[in-house]
There are 2 protein chains.
Amino acid sequence: MSQTPDSVVRTYIQQHRDAFLDDLAEWLRIPSVSAQPDHAPDVRRSADWLAAELKETGFPTAEVWQTPGAPAVFAEWPSDDAQAPTVLVYGHHDVQPAAREDGWDSDPFEPVVRENRLYARGAADDKGQVFFHTLGVRAHLAATGRTTPAVHLKLLIEGEEESGSPHFRALVEQHAERLAADAVIVSDTGMWSEDTPTVCTGVRGLAECEIRLRGPDQDIHSGSFGGAVPNPATAAARLVDAPHDEHARVAIPGFYDGVVELTDRERALFAELPFDESQWLRAAKSYATQGEAGSTTLERQPKPPTRPTAEVNGIGGGYQGPGSKTIVPSSASGKPSFRLVAGQDPDHVEKAVRAWAEQQVPAGIRCEITFSGATRPCLTPLDHPALQSVARAMGRAFEKPVRFTREGGSGPAADLQDVLGAPVLFLGISVPSGGWHAPNEKVELDLLLKGVETTAYLWGDLAENWCHAP
Amino acid sequence: MSQTPDSVVRTYIQQHRDAFLDDLAEWLRIPSVSAQPDHAPDVRRSADWLAAELKETGFPTAEVWQTPGAPAVFAEWPSDDAQAPTVLVYGHHDVQPAAREDGWDSDPFEPVVRENRLYARGAADDKGQVFFHTLGVRAHLAATGRTTPAVHLKLLIEGEEESGSPHFRALVEQHAERLAADAVIVSDTGMWSEDTPTVCTGVRGLAECEIRLRGPDQDIHSGSFGGAVPNPATAAARLVDAPHDEHARVAIPGFYDGVVELTDRERALFAELPFDESQWLRAAKSYATQGEAGSTTLERQPKPPTRPTAEVNGIGGGYQGPGSKTIVPSSASGKPSFRLVAGQDPDHVEKAVRAWAEQQVPAGIRCEITFSGATRPCLTPLDHPALQSVARAMGRAFEKPVRFTREGGSGPAADLQDVLGAPVLFLGISVPSGGWHAPNEKVELDLLLKGVETTAYLWGDLAENWCHAP
């Protein structure tokens, strides 16, 4: 097959590197935190900024799509080859909450480059990995001499991924025709390590909730009433503690229903991945591993994430100030979230959690459980031709053998797969040390540019090597 | 025996009622919160104010005693009868934390009278119950025509009771000679109900601690690392949940060591106390009772508090803001406190808790437990003559039969008993609905004045009826 001379692509990328990074920095300065209502205007500003930038890039169509929550951005650049396959790129422009005092070495919304790494909230998750498509498609055109992409290229960049994508499925259903695609490329995952490029074959789903427990109508004296009335903070602790049995398995009846176990081939492929537990622990900034009895660290640790989990992301109740206050608190709350693997249904998990929680809460404690947007798990066949194209394009960019893995993060990939009936592929260049959802989030500039280069090769490879049904 | 005409006492109290309440309100405006470092100057101001007020009352000696923490106030008014017994009144001038937004209907440090109740932080616990001694001793003198009290009267009002009295024992040991007394009267308890005056025969002790748990060095992505590393919030939940077995008994090995069980006589006396569970629940602002299997609600509920308890006063960790943040939090903490009954030793309980906690915390979680000031439980013989004097004085003031009970709160009474070798008596007029440690703390004005009246009778009764060894 004819190939674009890689040198041309690399030269083009080098020539436009600085402008590309300046534009990305401008976007990263917009604190598009979807979880915090007071940042709603910033999320809207982020969407408007991206739509304008995509027009600038050359997309004939770039629109902001409103939702009952935060807006998404849709862009489309048809190929002049009517027979070309249609590819939809998914990403998100909202980011996790971040505050300097969380432990950031610099303002999370004032991007800074240190040691060839770009530090900012969203640098890796996910603005950086959305943005490499802008320079990527330009490089593709420049190197091929085309005026339109080799594939019909569509982008859908949502604004609520960090809040569980509550309105995403409805949005996709509403615009199903315009979003129609032969393949979906999700640009919101990572690779195994700086040295090991990997193609992700699936992501876990997520069911998250907030549990609010109310006991006395106000804080009461623990010396006068303690021991004789139920304590909501104790009840919250029970709901956080009880989901795990002594084997670190999730003890909620029905939680594991439908879980698809690893195939022998997947097990063999994952075994090829270099894994150094102490190195992984450093990336996790943790001091010990744990996990279900019977699963190896490589399996239970979330790269590749083949097991579902139950984690508490936060718990609070009663007096948390300095010193002591001897009360039975009036209320307490917890924020558990559940990672789901292929075969698990978020609705089923929600039912299981609710039924289980009712059993745990003592009489006299009022319990209210609110589930926010759930995302379903997703898995793509290892031998899908489009997946092979992604692996080839990545191999050309990295000049290394590409391995296969699964990702720990969650995303609405399953909704796209369900509604559009298209296979979902994953392309990501961030690494475990990228600090996703953590202070000092960063992206390696070299890898970011490899992402640009991968997409510069990908569209041609897909068009040439994937004969899809017309 | 000759008695002061009660009418004279009552008239005197009525005449001085308004000035007495104005002075108390002035004191209550000082936010002497010992648990919050930024209120340290207020605690000092409270001590200075009280010392000046006691001079004003007539105490020849009124001094502020410094400690490594908050200052205490000592005052002394010798009797002209050299043979008179010496009585030391204990109370505290520090208060629990309070903020309007906790649910107060008015500023906690701007006293207001509604429906003949005085609302303010400290109105009942303990400034109100300290302050009635000022008018009480004046009424005693006015009604008896004495120029000095019938007993050698001493007051020790500490400033760290709400913080566990960390320096109190050392203070008492340092000044043991000047504090020497034949009996200690603790003015920091309550009575059974508005209609049932009671004399408290003992208080529970307290051991409280803060448990800090640290996992990852920073918050990490629960999708990338969750399930594979220990979560400190889950560990905190375990430490809060696990202390109670399925019978609501404290499951910490050694916790119950030495507990003195109820005597038949105590059980019979307590059975005489009117008890309406639904009414008690309303006072507790709660929706159900709970307690150890095998103990009746009357026993397990803390009036009279015959059982030890383990309660969590607060728990916190991870993301507690709006929406969700899918992290494994870096740290979490809990503030458990343990109420102790006669026979339990706080040091032994601390050892038991530490040993037990070590077993509960998973590898990779660093656990730090800090115990703050502990107070030992205290119990006084029902037939002690001074206790009978208190019951008589209270009966005269309330014109009702007086019953016996125990109190749920804790105090350094045991330190006074140990160091001074004196019996400890309890005199209190607050009621369960007083909102101790809660929003809208209040004292019933009628009961506050009955407290004044009780002390107006008490000194004479003690002097006449208690022949102590010279």
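Throughout, protein chains are lettered first and strands after them, A, B, ... in sequence-line order, and every chain is numbered starting at 1. When reading the values below, keep in mind they use all heavy atoms of this one structure, side chains included, and skip hydrogens, waters and symmetry mates. On a predicted model such as this, the values are computed, not experimentally measured, just so you know.
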*Name the option with the most non-hydrogen atom pairs under 4.5 Å to chain B; the candidates are G317(A), G323(A), P336(A).*
G317(A)

*asked:* Taking side chain as everything from C-beta outward and backbone as N, CA, C, O, which of these in Q96(B) sits under 4.5 Å from a heavy atom of chain A? Side chain, backbone, both or neither.
replied: side chain

*Output yes when a side-chain donor or acceptor of N231(B) lies under 3.5 Å from a complementary backbone atom of V312(A), and no otherwise.*
yes

*asked:* So, using side-chain hydrogen bond (donor to acceptor under 3.5 Å, both in side chains) as the criterion, who are the partners of S193(B) when residues are at least two apart?
replied: T196(B)

*Quick check: does any side chain N or O of R339(B) sit under 3.5 Å from a backbone N or O of G226(A), one acting as donor and the other as acceptor?*
no

*Give me the ring orientation class for H437(A) and H221(B): parallel if the planes are under 30° apart, tilted from 30 to 60°, perpendicular past 60°.*
parallel

_Below 4.5 Å, heavy-atom pairs only: which of Q36(A), Q218(A), E210(A), R214(A) has the largest tally toward chain B?_
Q218(A)

*Would you indicate whether the side-chain heavy atoms of D217(B) and Y287(A) approach each other to under 4.5 Å?*
yes

_Is A332(A) close to chain B through its backbone or its side chain, or both, or neither, when contacts mean heavy atoms under 4.5 Å?_
neither

_Straight-line distance of N313(B) CG to I327(A) CD1, nearest 0.5 Å_ = 6.5 Å

*From OG (S330(B)) to CG (D102(A)), nearest 0.5 Å*: 10.5 Å

_Quick check against the 3.5 Å criterion: does D241(B) have a side-chain atom that pairs as donor or acceptor with the backbone of A237(A)?_
no

*Going from OG on S324(B) to CG on L206(A), what distance comes out if it is rounded to the nearest 0.5 angstrom?*
7.5 Å

_Heavy-atom pairs under 4.5 Å with chain A - which of G314(B), A233(B), A284(B) has more of them than the others?_
A284(B)

*Check each atom of P37(B) against the heavy atoms of chain A and say whether the ones under 4.5 Å are side chain, backbone, both or neither.*
side chain

*Given the options P362(B), S333(B), G316(B), which has more heavy-atom pairs under 4.5 Å with chain A than any of the others?*
G316(B)

*With sequence neighbours left out, what residues match F338(A) under ring pair (Phe, Tyr, Trp, His ring centres under 6.0 Å)?*
F255(A)

*Which one of V240(A), I365(A), D125(A) has the most heavy-atom pairs closer than 4.5 Å to chain B?*
V240(A)

*Below 4.5 Å from any heavy atom of chain B, which atoms of R366(A) appear? Answer side chain, backbone, both or neither.*
side chain

*When C209(A), P322(A), A310(A) are compared by non-hydrogen pairs under 4.5 Å with chain B, the top option*: P322(A)

_Any donor-acceptor N/O pair, K325(A) side chain to A98(B) backbone, under 3.5 Å_ = no

_S222(A) side, atom OG; E208(B) side, atom CD - distance, nearest 0.5 Å_ = 8.0 Å

*Backbone of G318(B) reached by a side-chain donor or acceptor of K335(A) within 3.5 Å*: no

*Sort out for me which of P97(A), G215(A), A363(A) touches chain B most, counting heavy-atom pairs under 4.5 Å.*
P97(A)

*What residue in P329(B), P243(B), A242(B) has the most heavy-atom pairs under 4.5 Å with chain A?*
P329(B)

*How far does CD of E311(A) sit from OG1 of T326(B), to the nearest 0.5 angstrom?*
10.5 Å

_Between V229(B) and K285(A), is there a side-chain heavy-atom distance shorter than 4.5 Å?_
no

_Under 4.5 Å from a heavy atom of chain A, the part of S337(B) involved_ = side chain

*If you count heavy-atom pairs under 4.5 Å between each of A438(A), S286(A), G334(A) and chain B, which one has the most?*
S286(A)

